[in-house]
Amino acid sequence: MKDVRVRFAPSPTGALHIGGVRTALYNFLLARQQGGTMILRIEDTDQNRYVPGAEEYIMDSLAWAGIQIDEGVREGGPFGPYRQSERKEIYSQYAQQLLQSGHAYYAFDTEADLEAMRERQKATGSDQQQYSSATRMTMRNSLTLSAEETRKLIETGHPYVIRFKIPENETVVLHDLIRGEVSVQTAQLDDKVLMKSDGMPTYHLANVVDDYLMKISHVIRGEEWLPSAPLHVLLYKAFGWGKDMPQFAHLPLLLKPDGNGKLSKRDADRMGFPIFPLNWTDPNTKEQSTGYREAGYLPEALINFLAFLGWNPGTEQEIFSMNELIQAFSVERIGKAGAKFDIQKAQWYNQQYLRAKSNTELATHLVDHLKKENITCSQDKAEKICDVMKERITFPQDLWEQGKFFFNAPASFDDGVVSKKWNDDAVKVLTTYRDAVEKLSTFDAAIAKETLEQVTASLQIGTGKILQALRVALSGMGGGPDLMMIMEIIGKEEVVSRLTFALNNLKIKVG
Ligand code: GLU
């Protein structure tokens, strides 16, 4: 078998979409599994759509996600340059080859000529209004003009494009690893432009030439490129590279979470989740978008989630590290059907990966955040907080968001809990409990519990009846992690002071 060489070939026209990360991931998994090479090629031949900063953004995003590139703009490599704008000469040389072999031709038509052709076609009732085998002989091109006329037009600086001459009456068959056999009649295809009037190649020419020169073995890309694949096959054949054709795999679309259709940035904005891996500010509109990284998604969780959008291992196992994905991945197990983008599933993965982290690791997230709040916290306290909170959080920032009460006494109390649970019994128990705690010489979760049970037993009030009142007095909230651990973490003095404050300020609701 040929060496596995795959490429991710984004165009730097904006931030990388999350679907692009999945495409890059599948390429990377195959490369690593087969001991192959992962290439990053920047397809920047469309100068009108070039967005400054997009290229760096793409590379930074892949690096954050843990998708390592072996050959590319930053890494270099034996098949460079890896930026298409630096390969212009190569493409024009290959376009010349097609002109000489009769597979391509010059076309001088103006916009008005093209419009007139479409009108003529419409008038004949044809549903084909393309520049194709049906119309090319009615146009101004090197097939209809003499060699002499053609040369003159070029020499006098007439703008021209180079078009591919689609063969007539052929069936193009391609074997897609995901879709199986795909076949198209050449009569359906138009004579695509290969070289534009600005001397730049189009996507099709540059993409095929580079895949060939870079010895790409598998083209794994989004389904939106499937309609271009027959043209690419014809280009390979026209160049005489038929036996070096890569294998194709067109990945299923990522679908909206609700309903049908392709997932768009608009859907993500509407439903309040990121569409880009990292924060991005559009340099033209100045619009800012939050990335998965900044929203608190762990790269390993996002990768695990993305891997399952279109692929499955055929077992029940859902948690896969990158190395496990590399082992288990196979193109054969990629589905044909579009994959619904379920952000809840991404959050579930994030929860699983956060839980699996050690308290020490999680504590660094918390301590970093506390620095921003100007709060100092011992490592020991931070680890204890992580230990009690980690089953409850979805994002690292939740350690702070949902655990502020570990550092600050509540500024307000949950009204619902107060009105239901702050009653005579609660006040009686908590007053006695506060006094008992104050007298203790050592204090931890077990002692806090034992003391509480002694108090409730002596007052003959069920402990369960006053627990929520105690919780709201200490944290301001009706729910949260283990109450005895909260007391151990905030410490005896704080328990006493918070209870005193609550007892002085909370009113029993009458009636
Ligand atoms: N430049 C194309 C894109 O932006 C590459 C498609 C392909 O992989 O062939 O997705």
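Order of listing sets the numbers, starting from 1, for every ligand and every atom in it. The first residue of the sequence shown is numbered 1, and numbering continues consecutively from there.
- A perpendicular orientation is assigned to the rings of Y236 and W241, their planes being inclined by more than 60° (bins at 30° and 60°).
- Residue pairs meeting the ring-ring contact (aromatic ring centres under 6.0 Å, His included) criterion with at least one partner in residues 51-79, sequence neighbours excluded, are Y57-W280.
- Here side-chain hydrogen bond (donor to acceptor under 3.5 Å, both in side chains) pairs that include residues 249-262, with residues two or more places apart or in two chains, are D176-H250, R221-H250, K256-D267, D258-R270.
- Taking the six-membered ring where the residue is Trp, F308 and Y349 present tilted rings, their angle falling between 30° and 60°.
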Find all protein N or O atoms under 3.5 angstrom from an N or O atom of ligand 1 and list the pairs with distances, or write 'none'.
{"unit_1": "ligand 1", "atom_1": "1 (N)", "unit_2": "A9", "atom_2": "O", "d": "2.8"}
{"unit_1": "ligand 1", "atom_1": "1 (N)", "unit_2": "S11", "atom_2": "OG", "d": "3.1"}
{"unit_1": "ligand 1", "atom_1": "1 (N)", "unit_2": "E43", "atom_2": "OE1", "d": "2.7"}
{"unit_1": "ligand 1", "atom_1": "4 (O)", "unit_2": "S11", "atom_2": "N", "d": "3.4"}
{"unit_1": "ligand 1", "atom_1": "4 (O)", "unit_2": "S11", "atom_2": "OG", "d": "3.2"}
{"unit_1": "ligand 1", "atom_1": "8 (O)", "unit_2": "R7", "atom_2": "NH1", "d": "2.7"}
{"unit_1": "ligand 1", "atom_1": "8 (O)", "unit_2": "R7", "atom_2": "NH2", "d": "3.4"}
{"unit_1": "ligand 1", "atom_1": "9 (O)", "unit_2": "R7", "atom_2": "NH2", "d": "3.0"}
{"unit_1": "ligand 1", "atom_1": "9 (O)", "unit_2": "Y203", "atom_2": "OH", "d": "2.8"}
{"unit_1": "ligand 1", "atom_1": "9 (O)", "unit_2": "N207", "atom_2": "ND2", "d": "3.1"}
{"unit_1": "ligand 1", "atom_1": "9 (O)", "unit_2": "R221", "atom_2": "NH1", "d": "2.8"}
{"unit_1": "ligand 1", "atom_1": "10 (O)", "unit_2": "W225", "atom_2": "NE1", "d": "3.4"}

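- Listed by first and then second residue, the side-chain hydrogen bond (donor to acceptor under 3.5 Å, both in side chains) pairs that reach into residues 78-89 are E43-Q84, D44-S85, E55-R83, E71-Y82, R83-E86, Q84-D210, R87-Y91, R87-D210, sequence neighbours excluded.
- For S101 and H103, the side-chain atoms include at least one donor-acceptor pair closer than 3.5 Å.
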